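Small disclaimer: the values here were computed from a predicted structure and weren't measured. All chains are named by letter (A, B, ...) in the order of the sequence lines, taking the proteins before the strands, and each is independently numbered beginning at 1.
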Amino acid sequence: MKQTIDALILQAVETLNISGVLELNTLPMITIERCRDPQHGDFATNVALILAKPAKTNPRQLAEKILAALPAHKSIIKVELAGPGFINFFINPDAQYAVIPKIHELGRGFGLSRVGAGKKVQVEFVSANPTGPLHVGHGRGAAYGSVVADLLQAVGFEVHREYYVNDAGRQMDILATSVWLRYLEECGEVLPFPSNAYRGDYVREIAGDIHKASGDNYRRPIATVLENLPADEPQGGDKELYIDALIDRAKTLLGSLYRDVFQTGLKTILQDIEADLSEFGVNYQLWFSEQQLMDDGSVEKALNRLREGGYLYEQDGATWFASSQLGDEKDRVVIRENGQYTYFASDIAYHHHKLERGFDQIIDIWGADHHGYIPRVRAAIRALGADDSKLTVLLVQFASLYRGDEKVSMSTRSGEFVTLRQLRNEVGKDAARFFYAIRRSEQHLDFDLKLATSKTNENPVFYVQYAHARVCSVLRQLDEKGLARNAQLGMENLTSLIEEHEVALLSTLSRYPEALEKAALQYEPHQLIHYLRDLAHEFHTYYNAHQFLVDDAPLRDARLNLVCAVKQVLANGLGLLAISIPETM
RNA sequence: GCGCCCGUAGCUCAGCUGGAUAGAGCGCAGCCCUCCGGAGGCUGAGGUCAGAGGUUCGAAUCCGCUCGGGCGCACCA
């Protein structure tokens with residue numbers, strides 16, 4: 001409908017152009033939008049308001065001329081001039097009814113589109129370090145990222161979901177060392193636990209598993225472990241130096257066995273993360289290993305590419321990327337003085353890899369604390385000879401946890417954090433996903449556990465699910481009365497749906513594809529949620545105002561067709577959010 | 001200090017590529033079918049859209065400034 005109106009307006013403007021009333025070379029962006037107030041009709045356009053200035057006339061006069069030049073169309077029963085120069089369109093109700101057979105015909109496919117035209121999009125999200133279980137902060141990125149990916153797929157993009165596994169950095173060495181130290185404790189050794197090590201219970205569990213499986217294989221005398229170490233922080237030393245010294249000690253004492261401990265820790269945690277996300281309705285096409293980039297020469301290759309472009313230089317014993325030439329605020333180290341690659345170096349390689357795989361668009365979803373990282377990645381992409389407009393970075397603000405008024409402090413290192421799994425167990429997958437996606441991603445999210453865990457039906461997800469369950473209940477009632485819906489008869493009598501609530505529902509149903517497309521293209525899942533709440537609300541209102549199971553069979557079937565269409569759209573929307581679609585509650 | 005995000009009803013937030021009277025949920029005060037599920041619906045109170053300017057037919061929306069909150073400014077990841 002929107003496209004139809006757009007075409008009509010274009011035609012009218014061209015007519016005026018030719019007849020010399022208007023003289024325009026280009027048509028500026030005009031908007032056609034749905035009216036909030038039914039008195040204003042169904043759609044409104046601001047063409048006249050926008051064009052008044054270039055046409056050197058006042059909006060209302062111009063609107064009248066456009067009105068006069070507007071071709072007639074069978075679906076439009078009335079067009080009128082309103083307010084400062086809006087043109088309002090009133091749609092023929094018969095055209096509105098068409099949405100019901102359309103929904104019945106397309107079913108789950110209703111709302112899907114091809115605007116993405118099969119373009120290949122890669123979406124990378126979560127990518128939390130595999131140094132511990134996911135916590136509630138990661139949960140937001142997971143919910144947001146997976147819905148964005150699903151939305152893009154729904155509107156015709158070919159979507160590739162990816163988790164970048166940071167399995168190569170120093171943090172992983174800290175984890176491996178933490179596991180080993182806990183293992184030594186399992187063996188009966190007594191030692192001071194480093195202030196900078198990972199102290200969560202999961203570390204002990206991994207250590208316990210290793211001890212069970214391998215006995216004292218990895219045990220070393222505690223005196224040699226602690227011999228000549230620098231002081232840890234509580235003793236007035238530097239916690240970073242201390243943990244680094246311990247990592248070296250672990251590698252030295254364990255030799256090739258160090259790798260076992262490292263791999264066991266990594267594998268265990270990664271499996272946990274994968275299962276956790278899967279249970280949360282989040283799945284990937286690929287888990288991409290950072291270590292692989294190191295091993296197969298990708299990092300070297302990417303850096304060589306930068307070197308060939310003249311973007312690398314040596315200084316103070318390190319190798320620098322001249323990112324400041326490409327919009328970054330300063331240059332960045334890619335190879336440290338000690339010869340090791342920085343995290344950024346492998347990330348350059350990763351993005352190089354993404355580009356080489358031929359994606360039309362690359363979407364990185366990061367925590368908002370990484371925003372300062374964006375310019376250097378863009379610089380890298382340009383230095384690699386690619387167009388950095390291929391990269392879209394979406395930032396997700398942190399979710400703060402509260403128990404009532406009290407903020408829950410979270411730190412992976414300290415072990416005091418609420419995991420995503422705990423959250424799911426407490427509030428359920430549906431509520432968790434809904435809560436996470438209900439806000440704009442750039443908005444800080446206060447997640448009150450007390451509120452979310454209280455089973456007092458305050459949760460908005462129930463509201464939408466209940467609308468669906470209610471339709472199902474109506475259909476059960478129909479069955480219990482020994483009646484059946486005659487869809488055919490209902491379709492033939494759609495014109496008997498003339499109540500205000502029914503007309504409003506028709507309009508809202510036909511809006512679904514637009515809402516979905518907008519939510520997808522703007523990467524804003526919350527728009528879909530708001531749409532679903534609106535639809536559910538209109539349904540509940542209708543339900544309270546009118547009886548569906550009336551004696552008049554043609555009217556009854558028409559209403560049931562409408563209500564089934566609502567059910568279908570609710571199911572489609574909830575399905576996209578990976579929220580369950582209950583038939584009873 | 002510099003950069004990014006944010007400031008809308010008592011609370012939590014929509015609305016932001018400028019458009020008609022700024023919306024919703026929760027909370028609060030009332031009310032609703034002997035009839036399809038009351039996890040619902042209806043009505044009401046509640047707003048200087050942080051502040052003061054600018055752009056224009058029109059600003060919560062765009063621009064610069066001030067104030068307030070969050071985050072980031074590593075040879076960490």
Side-chain angles (χ1 to χ4, degrees), chain A residues 29 31 33 35-37 39-40 44-46 49-50 52-53 58-60 82-86 88 127-129 131 166 168-172 174 240 290 315-320 329-330 332-347 367-375 395 397-398 400 438-448 451 455-467 469-478 480-481 501 522 524 526-527 529-530 533-534 536-537 539-550 556 559-560 563 584-585:
Chain A
M29 279 291 286
T31 60
E33 54 188 28
C35 303
R36 264 206 318 256
D37 186 344
Q39 293 207 329
H40 296 143
T45 179
N46 63 350
L49 295 160
I50 299 287
K53 197 162 194 183
N58 84 55
R60 281 191 71 101
F86 288 102
N88 294 336
S127 298
N129 284 349
T131 51
N166 299 129
R170 173 170 170 266
Q171 295 304 321
M172 285 307 301
I174 295 177
E240 304 290 348
E290 180 188 5
Q315 190 182 305
D316 304 328
T319 302
W320 297 69
E329 60 185 17
K330 53 182 280 199
R332 310 289 173 177
V333 170
V334 287
I335 304 175
R336 292 183 204 127
E337 208 174 347
N338 66 10
Q340 287 190 324
Y341 292 124
T342 59
Y343 171 82
F344 182 43
S346 46
D347 215 8
D369 55 330
H370 285 63
H371 69 256
Y373 196 74
I374 300 172
L395 298 177
Q397 290 288 345
F398 280 144
S400 310
I438 201 168
R439 299 273 165 75
R440 269 169 54 213
S441 66
E442 316 85 86
Q443 197 69 250
H444 293 263
L445 176 67
D446 290 343
F447 207 129
D448 186 345
L451 191 79
K455 304 267 185 191
T456 53
N457 310 322
E458 286 165 328
N459 211 315
V461 67
F462 291 142
Y463 185 80
V464 178
Q465 289 179 318
Y466 182 48
R470 241 181 178 177
V471 178
C472 295
S473 173
V474 169
L475 296 176
R476 282 192 298 272
Q477 283 291 324
L478 180 75
E480 281 168 24
K481 289 185 177 186
H501 296 105
Q522 297 184 354
E524 295 190 337
H526 75 275
Q527 291 195 24
I529 291 188
H530 283 279
R533 288 173 77 170
D534 284 349
H537 177 249
F539 169 77
H540 287 308
T541 303
Y542 178 39
Y543 180 93
N544 271 61
H546 298 282
Q547 191 80 15
F548 307 154
L549 302 180
V550 292
R556 181 178 70 225
R559 286 186 171 170
L560 288 173
V563 153
T584 59
M585 294 178 69

Rounded to whole Å, CD of A/Gln527 lies from C1' of B/C16 at a distance of 11 Å
Does the plane of the ring in A/Tyr373 sit parallel, tilted or perpendicular to the ring in A/Phe344? Use 30° and 60° as the thresholds.
perpendicular
Return the value, rounded to whole Å, for the distance between atom CZ of A/Arg170 and atom C1' of B/A74.
11 Å
I need the CD1-C1' distance between A/Ile374 and B/G72, as an integer number of Å.
11 Å
Using the aromatic ring of A/Phe398 (for Trp, its six-membered ring), decide whether it stacks on the base of B/G70 within the limits of 5.5 Å and 30°.
no
Can a donor-acceptor pair under 3.5 Å be found between the side-chain atoms of A/Asn544 and the base atoms of B/G40?
yes
Interatomic distance where CZ belongs to A/Phe539 and P belongs to B/G37 [whole Å]:
10 Å
Applying a 4.0 Å non-hydrogen cut-off, can you work out what A/Thr584 is touching in the nucleic acid: base, sugar-phosphate, or nothing?
base
Just the rounded figure in Å: distance from C1' of B/G72 to OH of A/Tyr373.
14 Å
Base, sugar-phosphate or nothing for A/His526? Non-hydrogen atoms, less than 4.0 Å.
sugar-phosphate
Could you check which of B/C71, B/G38, B/A77 has an atom nearest any side-chain atom of A/Arg470?
B/G38
Nucleotide nearest A/Val333 (side chain, heavy atoms from C-beta), chosen from B/C75, B/A39, B/A20:
B/C75
Between A/Arg556 (side chain only) and A/Leu549 (backbone N and O only), is there a donor and an acceptor less than 3.5 Å apart?
no
Across the strands shown, which category fits A/Thr541 at heavy-atom distances under 4.0 angstrom: base, sugar-phosphate, nothing?
sugar-phosphate
If you measure from the C1' atom in B/G23 to the same atom in B/G47, how many Å do you get, rounded?
12 Å
Look at the side chain of A/Asn88 and the base of B/A20, then say whether one donor and one acceptor between them are separated by less than 3.5 Å.
yes
Please measure how far the C1' atom in B/U8 lies from the corresponding atom in B/C13, and state the result in whole Å.
9 Å
B/A77, B/C5, B/G40: which one has an atom nearest the side-chain heavy atoms of A/Tyr463?
B/G40
Heavy-atom closest pair (A/Leu395 atom, A/Gly367 atom, distance to 0.1 Å) is CD2-O, 3.9 Å
Students often get this wrong, so: under 4.0 angstrom with heavy atoms, is A/Asp316 touching a base, only sugar-phosphate, or nothing?
base
Of A/Tyr341 and A/Tyr542, whose closest RNA chain B nucleotide lies nearer the 5' terminus?
A/Tyr542
Which value, in whole Å, describes the distance between the C1' atoms of nucleotides B/A60 and B/C16?
8 Å
Shortest side-chain distance from A/Thr342, nucleotide among B/A77, B/G72, B/A20:
B/A77
Could you tell me the separation between the CZ atom of A/Phe86 and the P atom of B/C57, rounded to a whole number of Å?
15 Å
Would A/Thr131 and A/Gln171 count as having a side-chain donor-acceptor pair, cut-off 3.5 Å?
no
Contact class for A/His530 vs. all strands (heavy atom < 4.0 Å): base, sugar-phosphate, or nothing?
sugar-phosphate
So which nucleotide does B/A29 pair with, by the Watson-Crick or G-U wobble rule with both distances under 3.5 Å?
B/U43
Check every atom of B/G15, B/G38, B/G19 against the side chain of A/Tyr543 and return the nucleotide holding the closest atom.
B/G38
Using the C1' atom as the reference point in each nucleotide, state the distance between B/G10 and B/G46 in Å, no decimals.
8 Å
Can you identify which nucleotide, out of B/C36, B/A77, B/A14, has its nearest atom closest to the A/Arg440 side chain?
B/A14
Within the 4.0 Å heavy-atom criterion, would you say A/Lys481 contacts the bases, only the backbone, or no part of the nucleic acid?
nothing
Rounding to an integer number of angstrom, what distance separates B/G7 and B/G51 when you compare their P atoms?
13 Å
Can you tell me how far C1' in B/A59 sits from the matching atom in B/G18, rounded to whole Å?
6 Å
Just how far, in rounded Å, is P of B/C4 from CD of A/Glu329?
10 Å
Is the A/Tyr463 ring parallel, tilted or perpendicular to the A/His537 ring (thresholds 30°, 60°)?
parallel
Checking all strands, does A/Glu442 fall into the base, sugar-phosphate, or nothing category for heavy-atom contacts under 4.0 angstrom?
sugar-phosphate
What nitrogen or oxygen pairs link the protein and nucleotides 8-12 of chain B at under 3.5 Å?
residue: B/U12; atom: O2'; partner: A/Arg439; partner atom: NH2; Å: 2.3

Hey, can you tell me if A/Tyr543 and A/Phe548 have their rings parallel, tilted or perpendicular (30° and 60° cut-offs)?
perpendicular
If the P atom of B/C31 is compared with that of B/G68, how far apart are they to the nearest Å?
47 Å
Sequence neighbours left out, what passes ring pair (Phe, Tyr, Trp, His ring centres under 6.0 Å) with A/His370? Give chain and number order.
none
Evaluate whether the aromatic ring of A/His371 and the six-membered ring of the B/G72 base sit under 5.5 Å apart, centre to centre, with an inclination under 30°.
no
Side chains of A/Glu240 and A/Arg170, heavy atoms from C-beta outward: is any pair under 4.5 Å?
yes
Tell me the partner of B/G3, counting only Watson-Crick (N1-N3 plus N6-O4 or O6-N4) or G-U wobble (N1-O2 and O6-N3) with both under 3.5 Å; none if nothing fits.
B/C71
Taking side chain to side chain contact (heavy atoms under 4.5 Å, CB included) as the criterion, tell me which of A/Asp534, A/Val464, A/Val471 meets it with A/Phe539.
A/Val471
Examine B/G37: is either OP1 or OP2 under 4.0 Å from a nitrogen or oxygen in the side chain of A/Gln477? Give yes or no.
yes
Taking for each residue the nucleotide of RNA chain B bearing the nearest heavy atom, is the 5' side occupied by A/Arg533 or by A/Leu478?
A/Arg533
Reckon A/Glu337 touches a base, only the sugar-phosphate, or nothing at all at heavy-atom distances under 4.0 Å?
base
Below 4.5 Å, heavy atoms only, C-beta onward: do A/Phe398 and A/Leu445 meet side chain to side chain?
no
Would you indicate what A/Ala467 reaches in the nucleic acid, counting non-hydrogen atoms under 4.0 angstrom: base, sugar-phosphate, or nothing?
nothing
Rounded distance in Å between the P positions of B/C26 and B/A22:
23 Å
In whole angstrom, what separates A/His501's NE2 from B/G41's P?
11 Å
Side-chain contact test, heavy atoms from C-beta onward, threshold under 4.5 Å: evaluate it for A/Glu480 versus A/Gln477 and give yes or no.
yes
Look at all strands and tell whether A/Ala545 reaches a base, only sugar-phosphate, or nothing, counting heavy atoms closer than 4.0 Å.
nothing
